[in-house]
Amino acid sequence: MGYENLKFPEGSTFLVTGGAGFIGSNLCEAILNMGYKVRCLDDLSTGKRENVNLFLDNPNYMFIKGDIKDLDTCMKACEGVDYVLNQAAWGSVPRSIEMPLFYCANNIQGTLNMLEAARQNSVKKFVYASSSSVYGDEPNLPKKEGREGNLLSPYAVTKMCNEEWAKQYTRHYGLDTYGLRYFNVFGRRQDPNGAYAAVIPKFIKQMMHGEQPTINGDGKQSRDFTYIDNVIEANLKACLASREVAGEAFNIAYGGREYLIDIYYNLTDALNVNIEPKFGPDRAGDIKHSNADIRKAKEMLGYDPEWSFERGIKAAIKWYRDNL
Ligand code: NAD
């Protein structure tokens with residue numbers, strides 16, 4: 001259970017791209033706590049300097065400010081690295097509809113550069129962030145690997161392309177790649193600010209400040225909200241996975257299903273506020289329901305998530321209360 005007791009060879013070095021972001025900084029912290037070395041590569045485009053400053057005193061931590069769109073930067077960052085955890089990308093479905101060319105360059109070419117740099121530096125494992133968005137308009141629940149529909153946004157295209165490129169690097173160059181299809185991750189350090197903020201931190205912050213949040217659509221959409229510690233576990237277990245399952249992509253979620261409107265009132269109760277939501281239009285590129293079949297990750301990676309939504313949301317609310 002969990003990840004804290006997983007063992008890697010002594011002195012192992014992990015490169016976390018996007019390590020100044022929400023998921024990446026949590027990966028850096030977990031690996032440092034386990035006593036291994038972390039190199040964080042981030043251009044600080046959506047990540048935060050404060051997520052780097054947290055670890056600068058640790059001699060096992062090194063920060064490289066750089067862009068994965070630049071192959072030389074990726075090559076230098078991969079020197080002497082055992083495991084790559086590639087998180088760097090721009091998120092947000094609506095923003096990707098506004099900026100398709102940037103998403104192609106940043107999310108597709110950037111990850112391709114990282115695959116190439118990892119291959120040339122003989123990295124042991126290349127684990128990368130994919131997304132539940134690759135299921136597109138596939139209506140059946142739960143979402144199951146191998147049963148994908150038509151993609152609904154440029155962002156989803158970038159994640160599907162990453163998976164296809166990673167498969168090629170496993171097939172032709174023997175690089176062990178593992179794609180993790182995250183489903184709506186939440187938890188400490190997720191940014192509550194800006195037009196493209198994720199719904200849980202955004203609502204918590206607005207409620208804490210007495211503002212009225214807007215729900216896009218009727219609130220009856222459902223998601224498999226996944227606490228950050230489950231995502232850390234999946235990344236570290238993928239680093240220890242067998243070569244036989246390299247080239248595959250896995251659903252990473254808890255396997256539950258929460259309705260947005262229920263989460264809304266959960267948060268008002270927990271924060272002890274009495275604010276009714278506004279309702280706005282549905283967002284383009286969004287699907288109504290999503291929940292994951294996580295059996296493939298359980299069977300092939302030994303993934304065994306410990307954090308239910310209820311347990312995770314309590315921890316997240318406490319963190320925002322203490323830190324906002
Ligand atoms: P985030 O924005 O907090 O972190 C992404 C980090 O990548 C940022 O620090 C940013 O500065 C960095 N970055 C972006 N482009 C870069 C570039 N060209 N070079 C170097 N660094 C760059 O986002 P997050 O929520 O932590 O997401 C991490 C990964 O997980 C992303 O690949 C995202 O698409 C994926 N993902 C996240 C979720 C979620 O619910 N948060 C769901 C599915 C997939």
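Values in this document were obtained by computation on a predicted structure and should not be read as measured data. Starting from 1, each residue takes its place in the sequence as its number. Indexing begins at 1, ligand by ligand and atom by atom, following the structure's order. Values below: all heavy atoms of this structure, side chains included; hydrogens, waters and symmetry mates excluded.
For the pair Lys296 and Phe250, the distance from NZ or CZ to the six-membered ring centre is under 6.0 Å and the angle to the ring normal is within 45 degrees. Cation-pi contact between Arg95 and Tyr196: present, with separation from the ring centre below 6.0 Å and deviation from the ring axis of at most 45°.
The shortest N/O to N/O separation between Val185 and ligand 1 falls below 3.5 Å. Of the polar atoms of Asp43, at least one N or O is found under 3.5 Å from an N or O of ligand 1, judged by distance alone. When only interatomic distances are considered, the shortest N/O to N/O separation between Gly47 and ligand 1 falls below 3.5 Å. Where the criterion is an N or O separation shorter than 3.5 Å, residue side chain and backbone included, Phe22 meets it with respect to ligand 1. The N/O atoms of Gly24, backbone and side chain alike, include none that comes under 3.5 Å of an N/O atom in ligand 1. Some N or O of Ile68 is nearer than 3.5 Å to an N or O of ligand 1, by distance alone. Checked by distance only, ligand 1 and Lys159 come closer than 3.5 Å through their nitrogen or oxygen atoms. Close N/O approach between Ser132 and ligand 1 is not found [any backbone or side-chain N/O within under 3.5 Å].
No part of Phe183 comes within 4.0 Å of ligand 1, judged by heavy-atom distances. Here Asn184 has backbone heavy atoms under 4.0 Å from ligand 1, and that is the only part of it that gets that close.
No hydrogens or angles considered: a donor-acceptor pair under 3.5 Å links the side chains of Asn26 and Arg188. Side-chain polar atoms of Tyr103 and Glu98 form no donor-acceptor pair below 3.5 angstrom. Side-chain contact of Thr177 with Thr170: a donor-acceptor pair under 3.5 Å is present, judged by distance alone. No donor-acceptor contact under 3.5 angstrom links the side chains of Ser130 and Arg181, judged on distance only. For the residue pair Asn251 / Tyr303, no side-chain donor-acceptor distance below 3.5 Å is found, with atom types taken as modelled. A donor-acceptor contact closer than 3.5 angstrom links the side chains of Asn106 and Lys69. Defined by atom type and a distance below 3.5 Å, a donor-acceptor pair is present between the side-chain atoms of Gln87 and Tyr182.
Under a 4.0 Å heavy-atom criterion, Ser130 is in contact with ligand 1. Ala20 counts as a contact of ligand 1, since one of its heavy atoms falls under 4.0 Å from the ligand.
Those atoms of ligand 1 that come under 4.0 Å of a heavy atom in Ala129, given as number and element, are 29 (C), 30 (O), 32 (O), 35 (C). Every atom of ligand 1 is numbered from 1 in the order shown, and the set under 4.0 Å from a heavy atom of Asp67 is 17 (C), 18 (N), 19 (N). Heavy-atom contacts of Leu44 reach the following atoms of ligand 1: 11 (O) (cutoff under 4.0 Å). Short contacts between ligand 1 and Gly66, defined as distances under 4.0 Å to a heavy atom of the residue, involve ligand atoms 19 (N), 20 (C).
Looking only at heavy atoms of the protein, atom 34 (O) of ligand 1 is closest to Tyr155 OH, 2.7 Å. Of the protein's non-hydrogen atoms, the one nearest atom 15 (N) of ligand 1 is Asn106 ND2, 3.1 Å. Here the protein heavy atom with the shortest distance to atom 2 (O) of ligand 1 is Thr46 OG1, 2.9 Å. Of all protein heavy atoms, the one lying nearest to atom 9 (O) of ligand 1 is Asp42 OD2, 2.6 Å. Scanning all protein heavy atoms for the shortest distance to atom 28 (C) of ligand 1 gives Gln87 O, 3.5 Å. Scanning the protein for heavy atoms near atom 4 (O) of ligand 1, the closest one is Gly21 CA, 3.4 Å. Closest to atom 27 (O) of ligand 1 among all protein heavy atoms lies Ile23 CD1, 3.9 Å. At the shortest separation from atom 5 (C) of ligand 1 among protein heavy atoms lies Ala89 O, 3.6 Å.
When each of Tyr227, Tyr320, Phe203 is paired with Phe186, the ring pair (Phe, Tyr, Trp, His ring centres under 6.0 Å) condition holds for Tyr227 and for no other.
Side-chain heavy atoms closer than 4.5 Å link hydrophobic residues (I, L, V, M, F, W, Y) into clusters, and following such links, even through other members, never connects Phe14 to Val81. Under the 4.5 Å side-chain heavy-atom criterion for ILVMFWY residues, no single connected hydrophobic cluster contains both Phe183 and Ile287.
For Trp307 and Tyr254, the ring centers are positioned 6.0 Å apart or more.
For atom 25 (O) of ligand 1, a protein heavy-atom neighbour is found at a distance under 4.0 Å.
The aromatic rings of Phe102 and Trp90 sit tilted, their planes meeting at an angle between 30° and 60°.
Using a distance-only test at 3.5 Å, with no hydrogens or angles considered, a donor-acceptor pair links the side chain of Tyr36 to the main chain of Phe8.
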